[in-house]
Amino acid sequence: MAETLTVFKSVQELANSNEVPEKYIHPQGSINTSPSLLDVPEVDLSLLISPTSPARQQELNKLQSGLKSCGCFQVINHGIADSFIDKVREISKQFFALPTEEKLKYARTVDDIEGYGNDSVLLEKQTLDWTDRLYLNVFPEDIRKLQFWPQKPECFREVFEEYINNLKLLSVSLLKAMATSLNVDENCFLDQCGERGTMVARFNFYPPCPRPDVVLGVKPHADGSAITILLQDKEVEGLQVLKDDQWFRVPAVPYGFLINVGDQVEIMSNGIFKSPVHRVVTNAERERNTLAVFIMPDTDVGIGPVEKLINEERPRVYKNVKNYVELFFQYYQQGRRPIEAAMI
Ligand SMILES: O=C(O)CCC(=O)C(=O)O
Ligand SMILES: [Fe+2]
């Protein structure tokens with residue numbers, strides 16, 4: 001049997017004992033936890049997917065301008081009921097509130113990311129993120145490892161399954177709308193994800209942290225996905241996006257989803273859409289719960305810029321790449337931006 005995390009101490013346990021080990025402290029320090037608010041457009045999905053709505057073009061424009069300027073937008077009126085979203089938040093909170101020994105039944109192994117755990121220590125000098133996570137592969141169904149799917153709270157699997165089915169449909173609508181907003185075939189991003197495109201979910205739990213000035217919930221990164229669908233905490237902010245070399249706070253829209261471009265859609269769009277660098281700050285008083293769902297192209301199918309988005313004015317910026325995820329991890333561990341590896 002694979003070795004599980006034996007000397008595991010969750011961030012939650014550190015928080016309970018008011019401990020901040022050295023390896024969580026960013027040497028450059030002084031993190032601004034409250035910069036200006038980012039102006040993130042709110043896009044109404046019901047208008048976006050209605051071909052006859054006269055307001056559709058306006059929503060497409062908002063989506064496009066969000067993805068060009070800051071790499072994200074909030075989607076509202078998505079058809080997923082508020083009461084159901086509350087249930088999803090509840091199963092996440094209830095899971096992380098279980099005793100450690102119960103959560104450890106779902107512990108990831110040392111050499112894998114799937115399951116419950118915190119940052120893998122890959123490099124000696126690595127600064128760790130102040131977060132505990134539950135990482136689950138969800139689509140295609142045959143990649144699920146049900147041994148990591150919590151059985152407590154009892155409704156976990158049922159609620160989660162309904163959620164991911166909804167998000168799968170949402171991801172199709174979003175990828176189509178994103179292509180449409182650029183006047184290219186609506187399937188051109190979707191097709192590049194392939195029939196066996198994957199969907200991966202990460203429940204993030206950020207316990208209160210005594211040192212928000214020097215500790216990050218998640219260090220700066222851009223996502224390696226095609227797109228990411230983030231359900232933020234209903235009340236507690238924490239996500240920040242880098243724009244024009246400055247950090248901005250992302251507002252929490254209680255029942256909206258934050259959609260951000262990942263590196264792979266930046267590549268497919270030939271750099272028109274931006275995969276934003278983002279980070280998560282910590283909070284001294286309040287815990288924060290989020291659920292990130294990553295939509296990933298099939299690693300066996302290559303991706304590349306859509307032909308129609310390459311022209312004289314906008315020459316090809318990225319190469320065609322295969323298995324971007326592998327490349328992503330190699331670069332990420334060296335502290336470099338993985339997307340640079342795909343540049344011409
Ligand atoms: O928790 C958040 O607000 C963002 C998390 C994130 O960036 C990620 O999981 O990639
Ligand atoms: Fe992220």
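We count residues from 1, following the sequence as given. Ligands are counted one by one from 1 in listed order, and the atoms in each one are counted from 1 as well. FYI, side chains are in, hydrogens and waters are out, and symmetry mates aren't considered; it's all heavy atoms of this structure.
Atom numbering of ligand 1 starts at 1 in the shown order; those under 4.0 Å from a heavy atom of Leu239 are 3 (O), 4 (C). Close contacts between ligand 1 and Asn204 involve ligand atoms 1 (O), 5 (C), 9 (O) [criterion: under 4.0 Å to a heavy atom]. Remark: ligand 1 atoms within the under-4.0 Å shell around heavy atoms of Asp223 are 10 (O).
Leu38 and Phe257 fall into different hydrophobic clusters, where Ile, Leu, Val, Met, Phe, Trp and Tyr side chains are chained together by heavy-atom contacts under 4.5 Å.
The shortest contact between atom 9 (O) of ligand 1 and any protein heavy atom is with Arg202 NH2, 2.8 Å. Scanning the protein heavy atoms around atom 4 (C) of ligand 1, the nearest turns out to be Val280 CG2, 3.7 Å. Nearest protein neighbour of atom 5 (C) of ligand 1, counting heavy atoms only, is Tyr206 OH, 3.6 Å. At the top of the distance list for atom 3 (O) of ligand 1, counting protein heavy atoms only, stands Arg288 NH2, 2.9 Å.
The residue Thr228 has no part lying near ligand 1, judged by heavy-atom distances below 4.0 Å. Contacts between Phe294 and ligand 1 below 4.0 angstrom, taking non-hydrogen atoms only, involve the side chain exclusively. At a heavy-atom distance under 4.0 Å, only side-chain atoms of His221, from C-beta outward, approach ligand 1. With a 4.0 Å heavy-atom cut-off, ligand 1 is reached by no atom of Val218.
Protein N/O/S atoms closer than 2.8 Å to the Fe ion (ligand 2): His221 NE2, Asp223 OD1, His278 NE2.
Looking at Arg56, its side chain never comes within 3.5 Å of a backbone N or O of Leu47 through a donor-acceptor pair. The backbone N or O of Val265 lies less than 3.5 Å from a partner atom in the side chain of Ser269, making a donor-acceptor pair.
Comment: Glu235 engages Arg286 in a salt bridge, judged by a side-chain N to carboxylate O separation of less than 4.0 angstrom. A salt bridge links Asp263 with Arg337: at least one charged nitrogen is closer than 4.0 Å to a carboxylate oxygen.
Between Pro315 and Glu312, the shortest heavy-atom distance links the atoms CD-O, 3.7 Å. Nearest heavy-atom pair, Met343 versus Lys319, reported as atom, atom and distance to 0.1 Å: O-CE, 3.1 Å. In terms of heavy-atom proximity, Met199 sits nearest to Ile164 at CE-O, 3.4 Å.
Between Thr290 and ligand 1, at least one pair of N/O atoms sits closer than 3.5 Å.
Proximity of His278 to ligand 1 is established by a heavy-atom distance of less than 4.0 Å.
Side-chain contact annotation: Tyr255 with Asp86, donor-acceptor N/O pair under 3.5 Å present. With no hydrogens or angles considered, no side-chain donor-acceptor pair links Gln12 and Asn16 at under 3.5 Å.
Among the candidates Tyr324, Phe189, Tyr318, the single residue satisfying the side-chain contact (heavy atoms from CB on, under 4.5 Å) test with Gln264 is Tyr324.
Phe156 has its ring centre no less than 6.0 Å from the ring centre of Tyr106.
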